[in-house]
Amino acid sequence: MTVFPGFTSFLHSRLDVVKTQLAPAPDRGLVLALGALFFLFPISKSLYVLPLAVAIILSFRQANASAWLIHIRSIPLLWFPLAIYFLVILQAPLSPADANDVLEHLRKYARLLFLVLFVLVFVGHDRRQQAALIGFTAAMVIIVGATWIRIVWSNPLLGSQADGSALFGDHITQNIMVAFFTLIAFQNALKSKTHWGRLAWWSILALSVLSITHYSIGRTGQVLLLVVWLSYLLCSMRGWKLLTASLLLALLVWASYSSSLHLRSRFDQAIAEARLAETDRLTSIGHRLYNYQTTPRLIADKPIFGHGTGAYHSQICHYIDQAEQCPIFQRHPHNQFLFLAADHGLVGSALYLAYVAGLFVHAGRSNSSKSSRVMLAAFTAMLLVNSLINSPLFSSRESQFFALMAALLIAMNHSPSRAHITKQATHG
């Protein structure tokens, strides 16, 4: 008898949050554009462009230039993405790379400018931050829901999850976002004030985790899921609580590995590929290991400022012993630090390392809510680990997530007076 009223109460609580965002205000259009942007970028690489353009236009129309300059001076963390992009521009004219490669780098690394812009847009504006977080959360609920529909029911519209592939974009980026979303779902479950709210968020959390561990072919997402939860434990617990929770997490990892054919087969395959890397460099692991051998040699020739914007794609071919395999290895080295060092030297790589370290410092010094701090710390740990095995600033869908979400989380953790932001944005 209490099922329907309880579920209705949960829905009403969700609608109340949305109504808050729709309330009349001078920046309501920008708030809605930001909500739409964070809702669409996880779902579609093309559809998100419209709210992105609208959000940028409205941001400049409503900008307070003096306040933006103050924020740029007061948040040193923003200097590093600006410096990286300045380096990309500065080295473009004299780069030996093909013009198309140079333009591609100018375009893809421009997301670093979006990162800085949206930090300025979000800082000090609770409703904008809430709208973005709600939009992302809604998108991830849809993605997880659609994934499970494909798991239990193969259909012409959504296809099947039998092969572990992703419905929205590539499986790597989808799993990265779902891994991060598990933390949001967990926090919502803890903060929910209703029984049905808690039940809904715990269920979403479980389905999100299982979609990665048992029904995906992506090792990156599986590794980063563990990184997220290790970060949570290290940021939230001390002493015997940390020890107990770590043992529980280890037990859950073992149970997942034992019960998931996908998880077990993918990591067994990774071990086998690593052992055969010297004779077969065309496997996923063999490819990466060969990149890690050849790229440092490229860097060593011009270690300080690198070979120039976009130069990796052509210059790496001089270091591959079988020239016919150049097209296989020239896209990127599966390591963001090596990628930047090849094009922009140790200077570029050091700037990126400083940016990642700055994110950790920003989280550690934050006086915002615990959930905001933990989200930024977990996000940064994900970015660091992913940067060692992929190129998240260069890969289109990954860079969307890591740029836009970084902007939101930096802003949420900037002001000591913003400690209630996440509570309002994620309450159940």
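Treat the numbers as computed from the prediction; the structure is a model and nothing was measured.
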Between the side chains of [X] and [Y], is a donor N or O closer than 3.5 angstrom to an acceptor N or O?
X: Arg281; Y: Asn291; answer: no
X: Arg264; Y: Ser260; answer: no
X: Asn390; Y: Glu398; answer: no
X: Gln269; Y: Arg266; answer: yes
X: Trp202; Y: Ser192; answer: no

Can you measure from [atom1] ([X]) to [atom2] ([Y]) and round to the nearest 0.5 angstrom?
X: Leu224; Y: Asn386; atom1: CG; atom2: CG; value: 5.5 Å
X: Leu30; Y: Arg127; atom1: CG; atom2: CZ; value: 10.0 Å
X: Leu289; Y: Thr283; atom1: CG; atom2: OG1; value: 8.0 Å
X: Tyr48; Y: Leu404; atom1: OH; atom2: CG; value: 7.0 Å
X: Ser369; Y: Gln187; atom1: OG; atom2: CD; value: 7.5 Å
X: Tyr257; Y: Asp268; atom1: OH; atom2: CG; value: 3.5 Å

*Before giving the answer on ring-ring contact (aromatic ring centres under 6.0 Å, His included), spell out for Tyr319 and His307 the whole-Å C-alpha distance, their side-chain angles and the decisive distance to 0.1 Å.*
CA-CA 14 Å; Tyr319 299 84; His307 293 262; 7.1 Å; no

Just so I know, are the side chains of [X] and [Y] near enough to count as touching, which here means a heavy-atom distance under 4.5 Å?
X: Phe122; Y: His414; result: no
X: Trp68; Y: Leu117; result: yes
X: Met382; Y: Ser231; result: no
X: Leu376; Y: Met412; result: no

Show every donor-acceptor pair shorter than 3.5 Å between a side-chain atom in residues 350-362 and any protein atom, with sequence neighbours excluded, or say none if there are none.
| unit_1 | atom_1 | unit_2 | atom_2 | d |
| --- | --- | --- | --- | --- |
| Tyr352 | OH | Ser387 | OG | 2.6 |
| His362 | NE2 | Ile410 | O | 3.0 |

_For Phe379, the option from Leu408, Leu409, Leu183 that meets side chain to side chain contact (heavy atoms under 4.5 Å, CB included)_ =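 The option that passes is Leu409.
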
*On the 0 to 90° scale, with breaks at 30° and 60°, tag the Phe41-Phe401 ring pair as parallel, tilted or perpendicular.*
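Phe41 vs Phe401 ring planes: tilted.
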
*asked:* Would you call the rings of Trp229 and Tyr232 parallel, tilted or perpendicular, taking 30° and 60° as the class edges?
replied: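 The arrangement is perpendicular - the two ring planes meet at more than 60°.
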
Where [X] and [Y] come nearest, the two heavy atoms and their spacing:
X: Pro81; Y: Leu115; result: CG-CD2, 4.4 Å
X: Leu34; Y: Arg128; result: CD1-CB, 3.6 Å
X: Ala179; Y: Ile212; result: N-CD1, 3.6 Å

*Quick one: which residue pairs count as a ring-ring contact (aromatic ring centres under 6.0 Å, His included) with a foot in residues 266-289, not counting sequence neighbours?*
His287-Phe329, His287-His334

*Is the Phe339 to His105 ring centre distance short of 6.0 Å?*
yes

*Can you check side chain to side chain donor-acceptor pair (under 3.5 Å) on Thr173 and Gln400, steps first, answer last?*
CA-CA 10 Å; Thr173 309; Gln400 290 172 10; over 6 Å; no

